[in-house]
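So you know, we letter chains A, B, ... as the sequences are listed, proteins then strands, and number each from 1. Please read all numbers here as calculations on a predicted model, not as lab measurements.
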Amino acid sequence: MSKVKISKTKIKTAKISPATKLAGQNYPHQKIETKWQKVWAEKKIYQTNDKSSKPKAYVLDMFPYPSGEGLHVGHILGYTATDIYSRYLRMTGNNVLHPMGWDAFGLPAENFALKHKVNPAVSTKKNIDNFRRQIKSIGLSYDWSREINTTNPDYYRWTQWIFLQLYKQGLAYESYEPINWCPSCQTGLANEDLEDGKCERCGTVVEKKPMRQWVLKITNYAERLLTDLDQLKWPESVKEAQRNWIGKSEGAEIDFPLANKRHYVLLPGFASNSKRSFFPWLKRELEAKGHSVQALDLPDARIPNIANQIEAVLKQVKFGPDTILVGHSWGAVVALKILEKLKTPIAGTILVAGLIEPAVKNRESWPLRLIFNWRFTWPKIKKNAGWVKILRDLKDPLIADNQGLRIQQELGGDLIEFEAEKAHVCGKVEPVVLEHCLEKIKIFTTRPDTLFGATYLVLAPEHQIIQNLIRQPSKKIKNLPAIKNYLTKTKKRTEIERTAEGRDKTGVKIEGLEAINPANGEIIPIYIADYVLVDYGFGAIMAVPAHDQRDWVFAKKFKLPIKLVIWDRQKLTDKSSQIVEDVLEQAYVGEGILVNSDNFSGLSNQKAKIAITKFVRGHLVTKYKLRDWVFSRQRYWGEPIPIIHCANCVLNNPVGRGIVPVPEKDLPVKLPVVKSYAPTGTGESPLADITNWVRVKCPVCGAWAKRETNTMPQWAGSSWYYLRFIDPTNKKFLADPKKLQAWLGAGSPLRNLSQANIGGVSMYVGGVEHATRHLIYARFWHKFLFDLKIAPGSEPFSQLKNQGLVLGPDGRKMSKRWSNVINPDDVVRDYGADSLRLYEMFMGPFEQSKNWNSDNLMGVRRFLDRVWRLSFKVSKTDIKIASDLESLQQKTIQKVSQDIENFSFNTAVSTLMIMANNLELAETISRSLFKDFLKLLAPLAPHLTEELWSNLGEKRSIHLATWPIFEPSKIKINSFKIIIQINGKVRDSFQVEVGTSEAEIKKLALLRPIIIQWTKDQKISRMVYVPDKLLNLVLA
RNA sequence: GGGCGAGUGGCGGAAUGGCAGACGCGAUAGACUCAAAAUCUAUUGAUCGCAAGAUCGUGGGGGUUCAAGUCCCCCCUCGCCCACCA
């Protein structure tokens, strides 16, 4: 799960102070540490018992991606913290689940393997062994009986199982949309895998490439992913990052009709004519908008002769680039046949309740089945059709249900499925037909209140209208070369160049195409500009330069009109309507009152949002920046997607596209072991070449079929692993629901959340870099499993902490490039695991980034040596403890407990240092006092404390002992110091007995010589007394 | 451009609005030692002063308060994340 990149050379490590500094009275860390690690493993003292009745706590680290570089000191920071926390919770009487595993599928392992010509399975195993050895060497208290590995078929069987459930719920689908393609890694990537338009792995600039992909519909969960954030005890920055990533914005979708006049040709259906159904109404409506309309009657309507019909149409109609052909039912078939005959393309084609096969419901004897030759020359039709819209009545009693999709497969275009006013779209009035006959540009805006100020439209270069424009150039477009030129330039520009260059706005006007502002009927120009993104909203915006800074800049550059429609209530004057550019120096984006907006002028802009949207028949909608999760990788080292493609099933049911999920009983679909797994670069996974693996009998029809050869992305296995730890060896299910309920169900006091019922891991710790990937993906899968009633709560991780970055001694990120990498193995060897652990905790606040400093490491080692020497001063039997030492002990218990609970490990360490310093002053140390001290230190330095504990004759491990109880009554204070301030400045202090009254203290203070000196000749106007602490004398 | 976080000795860092600098590192001096290391003891924010002590001091500027590192406003610097999202 880590982003650590694989190195090719051996890591150079930074120098740490030589071990010789340790000579003298120090403890033998190597001997002690290996000894106790062995004992703990043999006695299995960290194994978690599901059946225990103690309160449960699930403390989890983000499991590592086992890279070839080995464990990083940054990993250890997080792992040590959770280890201390787990040990503390155990000692305070909780049943703690604290497991570890390996997130081992993914690109880096595969790239590493390719480079070194070993199988990724082999190198991965080697890396895991090394990680495990290193982790064990620092004495972390994981329950190793629960170790999991995402590349193990017993594990990924359930990853595949979850995918199948997603598929069955319609949340996994095939897409052919252009996606991010990394030419170096030769695979598609999700949006989340990009950094600055570059591949997050290798830094190569990604391309947009259309290809077949599996995609997960995470967008269905956008709203829940957003709102449930409020209930999580997570760092605010991570929650904010997710809110940002989901990117909710509320606004309106509004249609801008095109201003150009068209010539509509309407063809009626079988046995019908231009006077029936919606034809007369549609003609009237279109003519009212200024278009010309020919509603034709076809000859021989009841026994159609296609040749005659085509001839009749061609005779009456002059087809040109402004023609829009509308065919209803059989008329749609005639329309296609006419398109076959045309020499030049028309503007667009609308097929209403159309068909292309004699697939008609309940009409076996339909005459056209026999007398018509159902063959079409599709490429010719496609070339001439212009834009295509296919309208299908969802309850059509005649036309077979698959015809809409079949036409789309042949012609492309938009398939609109709706419920007609009358069956088979035969109503006198069919608004959906009219709506799609009229050409318009749909835009999304968060500011419908500014609609009257929309002075032009801007389309993304990839917008459908522009694609159509290029394919079927209308003579009315006067600057086609300039448009083409701009599109080519945009294409060449990378994502980075598009966003860099100080965000200089570029664009080009479409000469000869105009739109109508639906609010005021003004005809406005249309521009193409790459600052509009195709995959957000509708890839088109209305530009309101007066109230949007980007539009402002663009309008200034292209000298477009700027029209003020909102103005500050305070500055509102009679002349507001003339303010515009000469006063405005930039867009006015604030709230205000509408001006220049017809009847809406005078309204507050908030109210106008709804009113204006309603006025232009727009809709209030919510949009999200979150995109669906591109889930295929064209690579070898990942979980195979459990899908079979069956050509035979396509024939039987074209709508199903021949996608057959692998039956659950056949899981796991094992990744085949092969010699060559290099990426092909063709957009196919290397698995495609493994013929005997790809070839498989279709589980539905039995014919030979092909396996899906794409694999899952690296983030699949980590999206549910925390569930598997709960029941890692379950053969029947991903985990026993009862155990899931026990460990993740809501209501555990340790989760300590105000809102109940979200459940989840009690404490989850890992790097902040997973804010928008792992942590969003896992929440998505968890919510999905929650909906399936498998997960017991709606959130996977109720509490999250991010460890800060551990930088090199030079303050730079640890990297072989700077030779500043600290190898934990060296530290463990020279200073011991306890020193390493304690040092990392002592470095600074847990969540802050900090530099490595070997001198400071030496400091904590000295502390441990001091504790070692203290043990020689311990009394044989319990002796009386001095009261001030006892008070200190109680304060230490309280502070260390609090600090561990709050992850303030640095101050916990310093508190223990203070205690040790005080113990050192004593001739002999009370046995019970020292034992309590060892317990407090045990979570932080488990080896040394275990050794000293056993030296005191204890037979049972200190880590199974009970945490000392804080007893405030034992804190005995006889006197305390009162600070005397004069005007807030400290001037004096003195000791007073406990119980001295306020009046007495004031009296004593005024008798002090220093105070007399400071206050002489001056009047004390006020005395502020803070009980037991301070007295402030305020002089007049 | 937006969001989040942070600015405190020579360094890492501590401080429920109540003695700024806990604890540790480093440094200086001393003890031990033939010597070194280790260990122990003392000192260690700056300035002035023989001293007692005084003044200044938590990025900068204002404010609230008897009292501000801490709360409020403005500004500067650094780090991280997101970024033409209409």
Side-chain angles (χ1 to χ4, degrees), chain A residues 20-26 195-197 235-241 243-245 247-249 251 443-447 450 458 460 498-500 502-505 529-533 535-544 547-551 553-554 623-627 768-769 771-772 802 804-805 807 811 839 842-845 847-860 862-863 865-866 869 904 906-914 916-917 920 977-989 1010 1021-1027 1029-1035:
Chain A
T20 50
K21 270 195 180 177
L22 294 173
Q25 298 163 297
N26 54 54
E195 263 174 21
D196 229 2
E236 204 46 47
S237 61
V238 175
K239 293 208 264 186
E240 202 50 40
R243 285 189 195 110
N244 229 313
W245 192 262
K248 181 179 182 171
S249 56
I443 60 101
F444 173 69
T445 179
T446 54
R447 297 296 304 273
T450 63
V458 190
R498 265 169 89 159
T499 53
R503 250 149 246 151
D504 193 22
K505 301 265 180 296
D530 63 7
Y531 80 90
V532 175
L533 307 174
D535 55 0
Y536 185 74
F538 300 102
I541 63 161
M542 67 176 204
V544 189
H547 304 289
D548 181 290
Q549 190 55 32
R550 286 161 312 198
D551 297 341
V553 172
F554 191 85
K623 295 268 173 219
Y624 299 92
K625 280 197 265 180
L626 184 71
R627 294 280 89 97
V768 71
E769 66 273 18
T772 49
N802 297 125
L805 225 54
L807 304 169
Y839 169 60
F842 191 56
M843 285 176 90
E847 304 200 83
Q848 225 171 69
S849 69
K850 45 230 156 191
N851 302 355
W852 186 269
N853 180 330
S854 294
D855 285 338
N856 291 349
L857 167 65
M858 198 53 222
V860 296
R862 277 204 285 257
F863 164 65
D865 282 330
R866 198 145 60 229
R869 286 194 302 271
S904 305
N906 53 335
T907 47
V909 175
S910 65
T911 305
L912 287 165
M913 284 173 168
I914 293 167
N917 291 347
E920 210 164 30
K977 194 169 76 172
I978 287 284
I979 306 295
I980 307 170
Q981 293 181 339
I982 291 172
N983 287 337
K985 290 195 178 189
V986 180
R987 293 303 179 193
D988 195 9
S989 68
I1010 299 174
S1021 66
R1022 213 177 137 184
M1023 285 197 260
V1024 181
Y1025 177 66
V1026 181
K1029 267 194 187 135
L1030 149 158
L1031 182 68
N1032 190 12
L1033 310 178
V1034 186
L1035 301 184

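- Between Ser249(A) and rA86(B) there is a side-chain polar atom (N or O) within less than 4.0 angstrom of OP1 or OP2.
- Contact of the Ile443(A) side chain with the Phe538(A) side chain is not registered, since no non-hydrogen atoms from C-beta on lie closer than 4.5 Å.
- Put simply, NZ on Lys248(A) is 23 Å from P on rC82(B), counting in whole angstrom units.
- A donor-acceptor pair shorter than 3.5 Å cannot be found between the side chains of Ser854(A) and Tyr839(A).
- The nearest whole Å value for the distance from the NZ atom in Lys850(A) to the C1' atom in rG24(B) is 15 Å.
- Looking at Asp988(A), its side chain never comes within 3.5 Å of a backbone N or O of Ile1010(A) through a donor-acceptor pair.
- With a 4.5 Å cut-off on side-chain heavy atoms, Val768(A) and Val238(A) count as touching.
- One interatomic measurement links the two molecules: CG of Asp865(A) to P of rC25(B), which rounds to 12 Å at whole-angstrom precision.
- With hydrogens and angles ignored, the 3.5 Å screen pairs no side-chain donor or acceptor of Arg447(A) with any backbone N or O of Asp548(A).
- Between rU16(B) and rG26(B), the two C1' atoms lie 32 Å apart (nearest whole Å).
- For rA67(B), neither phosphate oxygen OP1 nor OP2 lies less than 4.0 angstrom from any side-chain nitrogen or oxygen of Arg1022(A).
- In rG9(B) the O4'-C1'-N dihedral to the base is within 90° of 0, which defines a syn nucleotide.
- For the OP1/OP2 pair of rU55(B) and a distance below 4.0 Å, the side-chain nitrogens and oxygens of Arg987(A) include at least one atom meeting the criterion.
- Comparing rU64(B) with rU70(B), their C1' atoms are spaced 13 Å from each other, to the whole Å.
- Spacing between rC56(B) and rA68(B) at atom P, rounded to whole Å, works out to 13 Å.
- Panel note: side chain Arg987(A), backbone Gly984(A); no donor-acceptor pair is recorded below 3.5 Å.
- Note on Gln848(A): a side-chain N or O is less than 4.0 Å away from OP1 or OP2 of rG13(B).
- Among the protein residues, Ile979(A) comes within range of the nucleic acid bases, having at least one heavy atom under 4.0 Å from a base atom.
- Within 4.0 Å (heavy atoms only), Gly537(A) reaches no atom of the nucleic acid at all.
- The residue Thr446(A) sits close only to the backbone: its heavy atoms come under 4.0 Å of sugar-phosphate atoms, none of a base.
- Without hydrogens or angle criteria, Ser1021(A) side chain to Val1034(A) main chain gives a donor-acceptor distance under 3.5 Å.
- Where Gln981(A) and Tyr536(A) meet RNA chain B, the nucleotide closest to each residue was compared, and Gln981(A) sits on the side nearer the 5' end.
- In this structure, the CZ atom of Arg866(A) is 9 Å from the P atom of rU39(B), given to the nearest Å.
- Using atom P as the reference point in both rA20(B) and rA67(B), the two lie 14 Å apart (nearest Å).
- Atom-to-atom, CD1 of Ile982(A) to C1' of rA67(B) comes out at 14 Å; the value is rounded to the nearest Å.
- Across the P atoms, rG5(B) and rC72(B) are found 12 Å apart, a figure rounded to whole Å.
- The C1' atoms of rA52(B) and rA14(B) are separated by 31 Å, rounded to the nearest whole Å.
- Looking at Asp855(A), its side chain has no donor and acceptor atom pair within 3.5 Å of the base of rC25(B).
- Between Arg862(A) and rG26(B) there is a side-chain polar atom (N or O) within less than 4.0 angstrom of OP1 or OP2.
- When the side-chain nitrogen and oxygen atoms of Asn917(A) are compared with OP1 and OP2 of rG24(B), one or more of them lie within a distance under 4.0 Å.
- Checking Val1026(A) against Met843(A), the closest nucleotide of RNA chain B that is more toward the 5' end is the one next to Met843(A).
- Atom P of nucleotide rG2(B) and atom CD of Gln549(A) are separated by 11 Å, given to the nearest angstrom.
- Heavy atoms of Pro845(A) sit under 4.0 angstrom from primed sugar atoms or phosphate atoms, though from no base atom.
- Atom name C1', nucleotides rG7(B) and rG60(B): the rounded distance is 12 Å, in whole Å.
- Between Lys985(A) and rC56(B) there is a side-chain N or O to OP1 or OP2 distance below 4.0 Å.
- Between Asn244(A) and the phosphate of rC81(B), there is no side-chain N or O to OP1/OP2 separation shorter than 4.0 Å.
- Comparing the P positions of rG59(B) and rU55(B) gives a spacing of 22 Å, expressed to the nearest Å.
- Separating the CZ atom of Phe842(A) from the P atom of rC11(B) is a distance of 17 Å, rounded to the nearest angstrom.
- rA83(B): no Watson-Crick or G-U partner with both key distances under 3.5 Å is found in any strand.
- Rounded to a whole Å, the CG atom of Leu1030(A) is 14 Å from the C1' atom of rA20(B).
- In this model, no side-chain donor or acceptor of Lys1029(A) finds a partner on the base of rC19(B) within 3.5 Å.
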